[in-house]
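Scroll down for the structure; my scribbles are underneath it.
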2 protein chains.
Amino acid sequence: MTAADTAVETIQREMTSFARRARASAGRMHPELSLVSYTLLGHLEERGGCRATDLASHYALDKSTVSRQVGALERAGLIERRLSPEDARVQVLHLTEAGEEILAQVTRSRRAAFRERLADWPEDDLVRFAAYLERYNAGSAGQAAG
Amino acid sequence: MTAADTAVETIQREMTSFARRARASAGRMHPELSLVSYTLLGHLEERGGCRATDLASHYALDKSTVSRQVGALERAGLIERRLSPEDARVQVLHLTEAGEEILAQVTRSRRAAFRERLADWPEDDLVRFAAYLERYNAGSAGQAAG
DNA sequence: ACGTTCAAGTTGTACTATACAACCAGAATC
DNA sequence: GATTCTGGTTGTATAGTACAACTTGAACGT
């Protein structure tokens with residue numbers, strides 16, 4: 001087995017381990033917003049106004065899943081649906097002010113947790129690690145995660 | 001905001017994104033074994049023979065969750081419970097041969113997915129990325145993931 | 001222009017993973 | 001010997017997910 005194989009195995013194991021723990025703990029640490037809600041809200045903030053179908057394909061979720069998530073977020077007052085003038089089937093999703101606030105609050109909280117965990121890393125390691133992660137995830141929108 | 005802050009934010013975003021996708025896709029890609037079962041089986045392989053409580057604390061899971069997982073794995077014939085001679089409350093968990101086989105098979109499948117995704121990375125980048133991930137996850141056994 | 005097919009979303013149903021609380025049984029302690 | 005601690009199971013509830021069936025509106029093809 002080459003060094004590259006060993007590295008791939010480590011990457012697999014560590015990413016898997018992280019994913020499992022993230023899943024298990026997200027709800028406990030940030031009960032205001034689940035991992036999915038957080039992701040969807042974040043997407044809406046970045047590109048304000050998109051369709052449910054866009055979210056589904058971008059995050060490899062079933063449209064029914066998105067439909068229910070969006071329903072819950074709307075009932076919670078965090079997003080609003082506007083009917084598209086061009087296509088009567090389409091609903092365009094937007095963050096409400098309350099949604100922006102909650103999102104900002106959870107982002108602060110999550111960021112603090114990450115920052116604490118990375119507190120003793122030298123800056124250039126942080127930058128390189130971030131670059132690797134971006135490269136790893138790049139181009140995988142809408143796809144599975146291995 | 002410093003470069004370190006930016007990097008931390010990127011790390012947060014990319015790790016979160018990965019975790020969400022891993023969760024959504026693990027079942028579809030490797031239906032033989034969920035992410036949790038895979039993790040628990042892997043643990044048993046590395047340190048053959050441990051107690052349910054150990055698994056629970058190591059992976060920050062409730063004992064009831066582990067109890068059910070273990071029950072399912074036993075019913076599937078992938079592990080077996082041996083009663084501890086010292087303490088009648090304790091059951092020591094071991095992989096069966098079938099469990100070892102399934103674990104090896106899923107590991108191969110998952111590793112292939114990771115390898116494909118990382119196919120065009122130079123070896124030294126793989127090694128450095130792996131090292132960062134290990135460092136990131138190190139010491140966080142049994143804890144939340146941010 | 002009308003029927004067929006395609007696209008966006010919703011709803012019914014089912015399953016997995018999870019936690020919390022209540023419990024039981026055995027061990028340890030005082 | 002009673003109390004408390006520990007390992008594990010069971011009851012119950014919830015979130016997140018998929019698949020299938022359906023509705024409504026848009027687009028397309030003769």
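Protein chains get the first letters and strands the later ones, always in sequence-line order, with residue 1 at the start of each. This is a predicted model, so every value here is computed, not measured.
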Donor-acceptor contact present, side-chain B:S109 to main-chain B:Q105, <3.5 Å: no
Quick one: is A:S67 getting a side-chain N or O under 4.0 Å of the C:dG9 phosphate, OP1 or OP2? no
Would you check if A:L93 and A:V70 make a side-chain contact, meaning some heavy-atom pair closer than 4.5 Å? yes
A:A88, nearest nucleotide to its side chain (from D:dA26, D:dA15, C:dA17): D:dA26
Are the side chain of B:T39 and the backbone N or O of B:L35 linked by a donor-acceptor pair below 3.5 Å? yes
Who passes side chain to side chain contact (heavy atoms under 4.5 Å, CB included) against B:E80, sequence neighbours left out? B:R82, B:H94, B:T96
Go through the structure and list residues passing side chain to side chain contact (heavy atoms under 4.5 Å, CB included) with A:P85, not counting sequence neighbours. none
Please confirm whether any donor atom in the side chain of A:R89 sits under 3.5 Å from an acceptor in the base of D:dT24, or the reverse. no
With a 4.0 Å cutoff (strictly under), does any side-chain N or O of A:T65 reach OP1 or OP2 of D:dA18? yes
Can you identify which nucleotide, out of D:dG8, C:dT10, C:dA17, has its nearest atom closest to the B:A52 side chain? D:dG8
Looking for any heavy atom pair under 4.0 Å, which part of the strands does A:D62 touch: base, sugar-phosphate only, or nothing? base
Distance in angstrom units between A:L61 CG and D:dT17 P, rounded: 6 Å
Given the rule in the salt bridge (Lys or Arg N to Asp or Glu O under 4.0 Å) test, do A:D125 and B:R135 qualify, once you have shown the distances and angles that lead to the verdict? CA-CA 11 Å; A:D125 281 345; B:R135 183 157 146 209; 3.1 Å; yes
Polar atom pairs (N or O), protein with nucleotides 21-23 of chain D, under 3.5 Å:
none

With the criterion being N/O to N/O and under 3.5 Å, what pairs connect the protein with nucleotides 11-13 of chain D, and how long is each?
unit_1: D:dG11; atom_1: N7; unit_2: B:R68; atom_2: NH2; d: 3.4
unit_1: D:dG11; atom_1: O6; unit_2: B:R68; atom_2: NH2; d: 2.2
unit_1: D:dT12; atom_1: O4; unit_2: B:R68; atom_2: NH2; d: 3.2

The criterion is side-chain hydrogen bond (donor to acceptor under 3.5 Å, both in side chains); which residues satisfy it with A:E74, sequence neighbours excluded? A:R81
Polar contact flag, side-chain donor to acceptor under 3.5 angstrom, A:S64-A:S67: no
Please determine which of A:R117, A:R110, A:E116 meets the side chain to side chain contact (heavy atoms under 4.5 Å, CB included) test together with A:F114. A:R110
Looking at every non-hydrogen atom in both residues, tell me the closest pair between B:Q69 and B:L40 and how far apart they are. CB-CD1, 3.9 Å
OP1 or OP2 of D:dG16 under 4.0 Å from side-chain N/O of A:Q69: yes
Estimated bend of the helix from C:dA1-D:dT30 to C:dC30-D:dG1 (axis per five terminal pairs, rounded to 10 degrees): 10°
